[in-house]
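All heavy atoms count here, side chains included; hydrogens, waters and symmetry mates do not.
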Amino acid sequence: MKSFKSLFLLPILLVGLAAPAMAQQNIAVINEQRVLRESVVGQHIRTRLEAIGTEVRAELTAIGQPIQQQTEQLSAETASMTQQAIQQRPDLMQRIESLNQQAQQFETERRRREQELQQTERQAMQPVYEALNPILEEVVAQRHIDILIDRSNLVFAGPTVDISDPVIALLNERLPTVPVNRVRLPEGAPAAAAPQQ
């Protein structure tokens, strides 16, 4: 019991010893997600990505709906038939095979469009991250910050140490918008072979 108690107290002692050293450091926090969500450029990117996502969903619906309708029609036709009876009908087996191939092609197409959306977002965000680096360096230098921590890595941080507001203001001033153009992968290209952008 005594050894357990001393192990429990050890982290408290270490924190107590480190406290004077940490008190000399100027620590600040940034909420990167908030910066990206609330900045003008972040809102612009989100709006454009939502529009592109709607466009992609409409395209996929146009491709997938006929397959769904044919599948439902075939299911209705074969509902009262046994598996053996279906297998004895070459016309039905050919339709089933054709629908399976179309479904596989649709799934490949869906993955390709998903990859396009991901690459579109990466491409749009790249100039934002490039602009954020010098902004952060500037705010850190102005405020003589020794340590900057992202809010997602903390349990608690008081509002006085959060520098997100001045970072958002500078980002709004310097990069209010970026082009958000849909990345289009070649037809039939597997998603895994998609070029990184």
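Hydrophobic clustering, with ILVMFWY side chains joined whenever heavy atoms are under 4.5 angstrom apart, keeps Ile30 apart from Val161. The cluster map of Ile, Leu, Val, Met, Phe, Trp and Tyr, joined by side-chain heavy atoms under 4.5 Å apart, puts Val29 and Leu136 in different clusters.
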For Glu137 and Val140, run side-chain contact (heavy atoms from CB on, under 4.5 Å): C-alpha distance rounded to whole Å, both residues' side-chain angles, the deciding distance at 0.1 Å, then the answer.
CA-CA 5 Å; Glu137 288 172 9; Val140 162; 5.8 Å; no
List the steps, then state whether side-chain contact (heavy atoms from CB on, under 4.5 Å) holds for Val35 with Asn31.
CA-CA 6 Å; Val35 170; Asn31 187 333; 5.7 Å; no
Begin with the C-alpha distance, continue with both residues' side-chain angles, and end with the deciding distance and a verdict on side-chain contact (heavy atoms from CB on, under 4.5 Å) for Tyr129 and Leu36.
CA-CA 10 Å; Tyr129 288 123; Leu36 298 177; 3.5 Å; yes
Please tabulate, for the side chains in residues 65-74, all donor-acceptor contacts under 3.5 angstrom to protein atoms that are two or more places apart in sequence or on a different chain.
{"residue": "Gln68", "atom": "NE2", "partner": "Glu72", "partner atom": "OE2", "Å": "2.9"}
{"residue": "Thr71", "atom": "OG1", "partner": "Ile67", "partner atom": "O", "Å": "2.7"}

Distance-only donor-acceptor hits, side chain of residues 175-185, under 3.5 Å, sequence neighbours excluded:
{"residue": "Thr177", "atom": "OG1", "partner": "His44", "partner atom": "NE2", "Å": "3.2"}
{"residue": "Arg182", "atom": "NE", "partner": "Glu116", "partner atom": "OE1", "Å": "3.4"}
{"residue": "Arg182", "atom": "NH1", "partner": "Glu55", "partner atom": "OE2", "Å": "2.7"}
{"residue": "Arg182", "atom": "NH1", "partner": "Glu59", "partner atom": "OE1", "Å": "3.3"}
{"residue": "Arg182", "atom": "NH1", "partner": "Glu59", "partner atom": "OE2", "Å": "3.0"}
{"residue": "Arg182", "atom": "NH2", "partner": "Glu59", "partner atom": "OE1", "Å": "2.9"}
{"residue": "Arg182", "atom": "NH2", "partner": "Glu116", "partner atom": "OE1", "Å": "3.0"}
{"residue": "Arg184", "atom": "NH2", "partner": "Glu55", "partner atom": "OE2", "Å": "3.4"}

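Note that CD of Gln115 and CD of Gln118 are 5.0 Å apart. Values are rounded to the nearest 0.5 Å. Expressed to the nearest 0.5 Å, how far CD1 of Ile45 lies from CZ of Arg37 amounts to 14.5 Å. Taking CD from Glu77 and CG from Asp91, the interatomic distance works out to 8.5 Å, rounded to the nearest 0.5 Å.
Judged purely by atom type and a 3.5 angstrom limit, Asn26 has no side-chain atom pairing as donor or acceptor with the backbone of Asp146.
The side chain to side chain contact (heavy atoms under 4.5 Å, CB included) test applied to Met81 returns Thr78, Ala85, Ile86, Arg89, Leu92, not counting sequence neighbours. In this structure, the side-chain hydrogen bond (donor to acceptor under 3.5 Å, both in side chains) partners of Ser164, at least two apart in sequence or on a different chain, are Asp162. With sequence neighbours excluded, the residues satisfying side chain to side chain contact (heavy atoms under 4.5 Å, CB included) with Ile149 are Ile27, Ile147, Asn153, Leu154. Take Thr82 and apply the side-chain hydrogen bond (donor to acceptor under 3.5 Å, both in side chains) test, not counting sequence neighbours, and it matches no residue. With sequence neighbours left out, the side chain to side chain contact (heavy atoms under 4.5 Å, CB included) criterion links Pro166 to Arg143, Ile163. The side-chain hydrogen bond (donor to acceptor under 3.5 Å, both in side chains) check on Glu114 picks up Arg110, with sequence neighbours excluded. For Arg174, the salt bridge (Lys or Arg N to Asp or Glu O under 4.0 Å) partners are Glu138, not counting sequence neighbours. Arg46 pairs by the salt bridge (Lys or Arg N to Asp or Glu O under 4.0 Å) definition with nothing, not counting sequence neighbours. With sequence neighbours left out, Asp150 forms a side-chain hydrogen bond (donor to acceptor under 3.5 Å, both in side chains) with Ser152.
Across every non-hydrogen atom of Ala131 and Leu171, the tightest pair is CB-CD1, 4.2 Å. Nearest heavy-atom pair, Ser39 versus Ile168, reported as atom, atom and distance to 0.1 Å: CA-CG2, 4.1 Å. Summarising the geometry of Leu60 relative to Phe106, their closest heavy-atom pair is O-CE1, 3.2 Å, with the distance given to 0.1 Å.
When only modelled atom types and interatomic distance are considered, Ser98 and Gln102 share a side-chain donor-acceptor pair under 3.5 Å. With 3.5 Å as the limit, one finds a donor-acceptor pair spanning the side chains of Glu130 and Gln126.
Contacts classified as salt bridge (Lys or Arg N to Asp or Glu O under 4.0 Å) and involving residues 25-36 (residues at least two apart or in different chains) are given here: Arg34-Glu38, Arg34-Asp165.
At a threshold of 4.5 Å between non-hydrogen side-chain atoms, the residues Thr120 and Gln123 do not count as touching.
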